[in-house]
Amino acid sequence: MSKELTNRSDDYSQWYNDLVIKGGLADYSAVRGCMVIKPYGYAIWEKMQFVLDSMFKETGHQNAYFPLFIPKSFLAREAAHIEGFAKECAVVTHYRLMNDPNGNGVIVDPDAKLEEELIVRPTSETIIWNAYKGWIKSYRDLPLLINQWANVVRWEMRTRLFLRTTEFLWQEGHTAHATKDEAIAEARTMLDVYAAFAENWMALPVIKGVKTANERFAGAEDTYCIEALVQDGKAIQAGTSHFLGQNFAKAFDVTFTNKENQLDYVWATSWGVSTRLIGTLIMAHSDDHGLVLPPKMAPIQVVIVPIVKTAEQLTLIDEKVNVLRKELISKGITVKYDNDDKQKPGWKFAEYELKGIPIRLAIGPRDLENGTVELARRDTLTKSTVPLQGLEDVIIGLLDEMQLNIYNKALAFRDGMITEVNSFDEFKKVLDEKGGFISAHWDGTPETENIIKNETKATIRCIPLDNSLEAGNCVYTGNPSIQRVLFARAY
RNA sequence: CGGGGUGUAGUACAGUUGGCAGUAUGCCUGCUUUGGGAGCAGGAGGCCGCAGGUUCGAGUCCUGCCACCCCGACCA
């Protein structure tokens, strides 16, 4: 037993770390808070990128790339923005090293001090809007719909593999519009894109909502989000989309001439998802045997393991498998045939279970005689013997079924973890004993939200977009409330 | 930044009263094996986190430092 996993029920954090490390998704690095994303983890990210990028293109966006470094003065232009990010910025102050005259290796050359410090981007609104100023003159230049795939740095006090690291990978869309309504529509459209991606591809049910003022992005008028729930009952913000109003246009003096020949400030949005999605995916679906990946996100969907005693048997199986593999590949299924003889079947079974590969086929001498394979599905851990004849169609159907099954399981869990409460005692009791989302009335003030946060560590995750209005009384103050909001402890 | 923990072989760990650096696993070789993490035999692998100190002698005792992990405060 080389790779024992911690059980979820024993230590959820350790279980998660074990999956990430032992599943080969990522590794710790020499730099605190920064991680190495290993090939298997990066392959998941590439799948996410490919699907999302296609969705962005379909909605009219183009990719571009803006600098990693942002002049300090840029960040400071928008007051709320700098206030939100100031405490987590990495700052470049010098541009050269030199040999230590005292012989202690290399030191920063004191003569190479930058006139103006550069900030390693925590997000790119400022550098991008500075560029947009030169690009936008007329309503004919709008809308400007741009996305970039990039890394960003936020100097976090406490980090967690994939979910919160000092450097992370993401995409950030930055759009410019002639009207407020169009910008809001854009922010909502991209939220819908994220929700569709999460549900249809990651098998992750999410709640679309709008953030309260406390939780709003620094510099936004409104922040929309998709909120997911993972197995320990904590919420995770899986994606955000911001309506930025004219805040950045005003800060960077980006104006355009409208159809009425009047000068006006441009309306903006920004939106992003990050490698945090990988962590969310892991926490949402996996079990004590390892990762469980929904077929649409699995870098390898089907793994085939031969079971042989002799080289002759292996040759026969190789022939059968090569035919099967070609058929599966031609239908768009990713297949790995592991006929490596350095590991035994039992080892491979455990390893591929750990890695969350949806379908495992085993073919041995018995199957050769009977024209069958043993098929094991990762989501249910069940095995069956199925005929080789027509296997491709069985697999195609099964992958779809598994995708749906994983989604439905997560959905049932999530729905069972939304609890309506009507008193603060009940609120605290449910939060401690059950977790999940708590649907409760709130008086709408940041003060009350803060008090609840300080007392319970729960925050308002969002006001669901499809919320129904319902008169009631704030669970904390008893003041009148027009609707319930969702509270939870969150990652 | 506070609290806790861990630093010894690739990995996970043990190391007694201060006295030759160990176990498992993994790795290499060979044979036997192969339907749930194989067996036997042989072999390689160490700056015991770093720096000082005490001592005839330090993985072990003392002082200082560093790194990483976990829990909090902060956050996508």
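Just so we're on the same page: letters track the sequence lines, and every chain starts at 1. From a predicted model like this one, the values you see are computed outputs, not experimental measurements.
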>> With a 3.5 Å limit on both atom pairs, tell me what B:A21 is paired to, counting Watson-Crick and G-U wobble, or say none.
In response: none

>> Please report the distance separating the P of B:A9 from the corresponding atom of B:G2, rounded so that it comes out in whole Å.
In response: 30 Å

>> Nearest whole Å is fine: how far is B:C74 C1' from A:Phe85 CZ?
In response: 13 Å

> To the nearest angstrom, how far is A:Asp338 atom CG from B:G37 atom C1'?
Replying inline: 14 Å

>> Without decimals, in angstroms, what is the distance between A:Leu354 CG and B:U11 C1'?
In response: 15 Å

> Going by atom types only, do A:His174 and A:Ser270 share a side-chain donor-acceptor pair under 3.5 Å?
Replying inline: no

>> For B:U6, give the paired nucleotide (Watson-Crick: N1-N3 plus N6-O4 or O6-N4; G-U: N1-O2 and O6-N3; both under 3.5 Å), or none.
In response: B:A67

> Have A:Asp232 and A:Tyr16 got a donor and an acceptor in their side chains that come within less than 3.5 Å?
Replying inline: no

> Can you tell me how far C1' in B:G45 sits from the matching atom in B:U29, rounded to whole Å?
Replying inline: 15 Å

> For B:A38, what is the paired nucleotide under Watson-Crick or G-U wobble rules, both distances under 3.5 Å?
Replying inline: B:U32

> Tell me: NE2 of A:His289 to P of B:G37, nearest whole Å?
Replying inline: 14 Å

>> Could you go through A:Phe56 and A:Trp271, starting from their C-alpha distance and side-chain angles, then the distance that decides it, and tell me whether this counts as ring pair (Phe, Tyr, Trp, His ring centres under 6.0 Å)?
In response: CA-CA 11 Å; A:Phe56 299 157; A:Trp271 28 274; 5.2 Å; yes

> Taking a pair as Watson-Crick or G-U wobble with both distances under 3.5 Å, which nucleotide is matched to B:C1?
Replying inline: B:G72

>> Say we look at B:C20 and B:U11: how far apart would their C1' atoms be, to the nearest angstrom?
In response: 26 Å

> Taking the inter-plane angle between the rings of A:Trp201 and A:Phe197 on a 0 to 90° scale, is it parallel (under 30°), tilted (30 to 60°) or perpendicular (over 60°)?
Replying inline: parallel

Please list each protein N or O that sits under 3.5 Å from an N or O in nucleotides 68-72 of chain B, with the distance.
| unit_1 | atom_1 | unit_2 | atom_2 | d |
| --- | --- | --- | --- | --- |
| B:C68 | OP1 | A:Arg32 | N | 2.8 |
| B:C70 | OP1 | A:Asn17 | ND2 | 2.9 |
| B:C71 | OP1 | A:Ser13 | OG | 2.6 |
| B:C71 | OP2 | A:Arg158 | NH1 | 2.8 |
| B:C71 | OP2 | A:Arg158 | NH2 | 2.4 |

> So does A:Glu353 reach the base of B:G36 with its side chain, donor to acceptor, closer than 3.5 Å?
Replying inline: yes

>> For A:Lys429, is the NZ atom crowded, meaning more than 12 foreign heavy atoms sit under 6.0 Å from it?
In response: no

>> Heavy atoms within less than 4.0 Å of RNA chain B: which residues of residues 370-386 of chain A have one? Give them sorted by number.
In response: A:Glu374, A:Lys383

>> Regarding A:Ile236, tell me which of base, sugar-phosphate or nothing describes its non-hydrogen contacts under 4.0 Å with the strands shown.
In response: nothing

> Atom NZ of A:Lys22 to atom C1' of B:U25: distance rounded to whole Å?
Replying inline: 12 Å

>> My understanding is that a pair needs two contacts under 3.5 Å, Watson-Crick or G-U wobble. By that rule, which nucleotide pairs with B:A44?
In response: none

>> Is it the case that the side chain of A:Glu167 and the backbone of A:Val152 share a donor-acceptor pair, with hydrogens and angles ignored and the cut-off at 3.5 Å?
In response: no

> Would you say the side chains of A:Ser13 and A:Arg160 form a donor-acceptor pair under 3.5 Å?
Replying inline: yes

> More than 12 non-hydrogen atoms from neighbouring residues, nucleotides or ligands closer than 6.0 Å to CD on A:Glu83, yes or no?
Replying inline: no

>> Could you tell me how far B:A51 sits from B:G26 if I compare only their C1' atoms? Round to whole Å.
In response: 33 Å

Tabulate atom names and distances for all N/O pairs under 3.5 angstrom spanning the protein and nucleotides 38-41 of chain B.
| unit_1 | atom_1 | unit_2 | atom_2 | d |
| --- | --- | --- | --- | --- |
| B:A38 | N9 | A:Lys344 | NZ | 3.4 |

>> Applying a 4.0 Å non-hydrogen cut-off, can you work out what A:Phe168 is touching in the nucleic acid: base, sugar-phosphate, or nothing?
In response: base

> Can you tell me how far P in B:G19 sits from the matching atom in B:A12, rounded to whole Å?
Replying inline: 26 Å

> Across the strands shown, which category fits A:Gln237 at heavy-atom distances under 4.0 angstrom: base, sugar-phosphate, nothing?
Replying inline: sugar-phosphate

> On a whole-Å scale, what distance lies between the C1' atoms belonging to B:U8 and B:A24?
Replying inline: 15 Å

>> Let me spell it out: for each of A:Ala350 and A:Arg216, pick the nucleotide of RNA chain B with the closest heavy atom. Which residue's pick is nearer the 5' end?
In response: A:Ala350

> Charged N to carboxylate O under 4.0 angstrom, A:Glu449 versus A:Lys453?
Replying inline: no

> Does A:Arg188 make a cation-pi contact with A:Tyr224 (under 6.0 Å, within 45 degrees of the axis)?
Replying inline: yes

>> Could you check, using the six-membered ring where one of them is a Trp, whether A:Trp129 and A:His81 have ring centers closer than 6.0 angstrom?
In response: no

>> Does atom CH2 (A:Trp45) have a neighbourhood of more than 12 heavy atoms from anything else shown, all under 6.0 Å?
In response: yes

> Just how far, in rounded Å, is P of B:C74 from CZ of A:Arg489?
Replying inline: 14 Å

> Out of A:Lys22, A:Arg360, A:Arg378, A:Lys383, which one pairs with A:Glu353 under the salt bridge (charged side-chain N to carboxylate O under 4.0 Å, His left out) rule?
Replying inline: A:Arg360

> Atom OG1 of A:Thr126 and atom CG of A:Leu75: how far apart are they, to the nearest 0.5 Å?
Replying inline: 4.5 Å

>> What verdict does the side-chain contact (heavy atoms from CB on, under 4.5 Å) test give for A:Leu5 and A:His289, after you've listed the backbone C-alpha separation in whole Å, the side-chain angles of each residue and the deciding distance to 0.1 Å?
In response: CA-CA 7 Å; A:Leu5 295 178; A:His289 297 267; 5.6 Å; no

> Ion pair present between A:Lys457 and A:Asp432, side-chain N to carboxylate O less than 4.0 angstrom?
Replying inline: no

> Among residues 272-286 of chain A, which contact RNA chain B at a heavy-atom distance under 4.0 Å?
Replying inline: A:Ser274, A:Arg276

> Would you say the side chains of A:Asp318 and A:Tyr337 form a donor-acceptor pair under 3.5 Å?
Replying inline: yes

> A:Glu88 has an atom CD; how far is it from atom P of B:C74, in whole Å?
Replying inline: 12 Å

> Do the ring centers of A:Phe243 and A:Phe217 come within less than 6.0 Å of each other?
Replying inline: no

> Over how many whole Å does the gap from A:Glu83 atom CD to B:C74 atom P extend?
Replying inline: 15 Å

> Looking only at atom C1', what distance separates B:A44 and B:U25, rounded to whole Å?
Replying inline: 16 Å

> Distance between the C1' atoms of B:C47 and B:G7, in whole angstroms?
Replying inline: 14 Å

> Heavy atom of residues 358-366 of chain A under 4.0 Å from RNA chain B: which residues?
Replying inline: A:Arg360, A:Ala362, A:Gly364, A:Pro365, A:Arg366

> Nearest to the side chain of A:Glu351, which nucleotide is it out of B:G37, B:A76, B:C27?
Replying inline: B:G37

>> Checking base pairs now: Watson-Crick or wobble, both atom distances under 3.5 Å. What partners B:A14?
In response: none

>> Can you pull out the residues from residues 290-312 of chain A that lie within a 4.0 Å heavy-atom distance of RNA chain B?
In response: A:Ile307, A:Val308, A:Lys309

>> Distance alone, cut at 3.5 Å: any donor-acceptor contact between the side chains of A:Arg121 and A:Thr123?
In response: no

> Is the number of heavy atoms from other residues, nucleotides or ligands under 6.0 Å of A:Phe50 CZ greater than 12?
Replying inline: no

> Backbone N or O of A:Asp338 within a donor-acceptor pair of the A:Lys348 side chain at under 3.5 Å?
Replying inline: yes

